[in-house]
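To start, the structure under review is shown below, and the notes come after it.
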Amino acid sequence: GVRCGIVLHGAPNLENYYGWTHRLLLQIALNVADFIELVSEEILELTKPFIYHNRYFIEKNRICYFTFSENQPSKDPYSIAIVSRLTIDKYDSITHLLKIMSGSKFKISIFGEGPFKSKLKKFIQKENLDNVQLKGVSTSIANAVKDFYFIAGVDRVVLEGLSQNKPTILAGYDGVK
């Protein structure tokens, strides 16, 4: 038969954002999966109440540095690529960064998809952020960001930006750094 695996990348996979049906389906899926890949011990602790077997393993959140080029930042010092899943937990961080950058010379492209994409689009329109474009999902972060001077994101993107030798902005959960 076909094997089924589940990868839990972060705490939002386990949060109650989507209601009781999500949690019920998640619990069923976790228990029929042939294996569960977790990215940290923290995610394991959050997952334990849902699972009744030991078919899980931890594969630390890693960046494949060899997929990123040795390119230096682009010649346009006013270009920023924001790379993020567009979810409730990242929305405030992204909009905070956009507010800081509003009225500047920066051209900002946002790569990502998620349930908060339409809300982010409305925010961009409401704030008249003509310098911001939603680019959608990219299957290769390295290719998507190669022509940008800065890379910004909420968490893991910092590692991806640094691995590409680009100045990196952390739009963290508790503010921009």
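Not measured: the values here are computed from a predicted model. For the single chain, residues carry numbers from 1 onward in sequence order.
- Pairs of residues two or more places apart, or lying in two chains, that qualify as ring pair (Phe, Tyr, Trp, His ring centres under 6.0 Å) and include a residue from residues 115-141 are Tyr91-Phe116.
- How far CD1 of Ile124 is from OG1 of Thr95: 10.0 Å, rounded to the nearest 0.5 Å.
- With values rounded to the nearest 0.5 angstrom, Ile6 atom CD1 is found 5.5 Å from Ile36 atom CD1.
- Atoms CD1 and CZ, on Ile151 and Phe111 in that order, are 10.0 Å from each other to the nearest 0.5 Å.
- Both Ile88 and Ile82 belong to a single network of hydrophobic side chains, linked directly or stepwise wherever heavy atoms of I, L, V, M, F, W or Y lie under 4.5 Å apart.
- Phe150 is not listed as a side-chain neighbour of Ser79, based on a closest heavy-atom distance of 4.5 Å or more.
- Residues meeting the side-chain hydrogen bond (donor to acceptor under 3.5 Å, both in side chains) test with Lys135, sequence neighbours left out: Gln133.
- Nearest heavy-atom pair, Val157 versus Ala152, reported as atom, atom and distance to 0.1 Å: CG1-O, 3.5 Å.
- Evaluated for a side-chain contact (heavy atoms from CB on, under 4.5 Å) with Leu129, the options Lys126, Gln125, Glu127 yield exactly one hit, Glu127.
- Annotation: side-chain contact (heavy atoms from CB on, under 4.5 Å) contacts of Leu86 (sequence neighbours excluded): Ile94, Ile110, Lys117, Leu120.
- With hydrogens and angles disregarded, a donor-acceptor distance shorter than 3.5 Å links the side chain of Thr168 to the backbone of Lys166.
- For the side-chain hydrogen bond (donor to acceptor under 3.5 Å, both in side chains) test, residues two or more places apart in sequence or in another chain that qualify with Asn143 are Ser140.
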Donor-acceptor pairs under 3.5 Å, side chain of residues 97-107 to any protein atom, not counting sequence neighbours: which ones?
from	atom 1	to	atom 2	distance (Å)
Ser102	OG	Lys99	O	2.9
Ser104	OG	Met101	O	2.6
Ser104	OG	Phe106	N	3.3
Lys107	NZ	Asp76	OD2	2.7

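- Considering every non-hydrogen atom in both Ser93 and Ala171, the closest pair reads CB-O, 3.1 Å.
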Would Glu113 and Arg85 satisfy side chain to side chain contact (heavy atoms under 4.5 Å, CB included), going step by step from the backbone distance to the final call? CA-CA 6 Å; Glu113 290 290 339; Arg85 286 177 290 118; over 6 Å; no
All N/O donor-acceptor pairs, side-chain side in residues 43-58, below 3.5 Å, sequence neighbours left out:
from	atom 1	to	atom 2	distance (Å)
Glu45	OE2	Lys48	NZ	3.3
Thr47	OG1	Ile43	O	2.6
Tyr52	OH	Gln27	NE2	2.6
His53	ND1	Arg55	N	2.9
His53	NE2	Leu30	O	2.8
Arg55	NE	Ala33	O	3.2
Arg55	NH2	Asn31	O	3.1
Arg55	NH2	Ala33	O	3.1

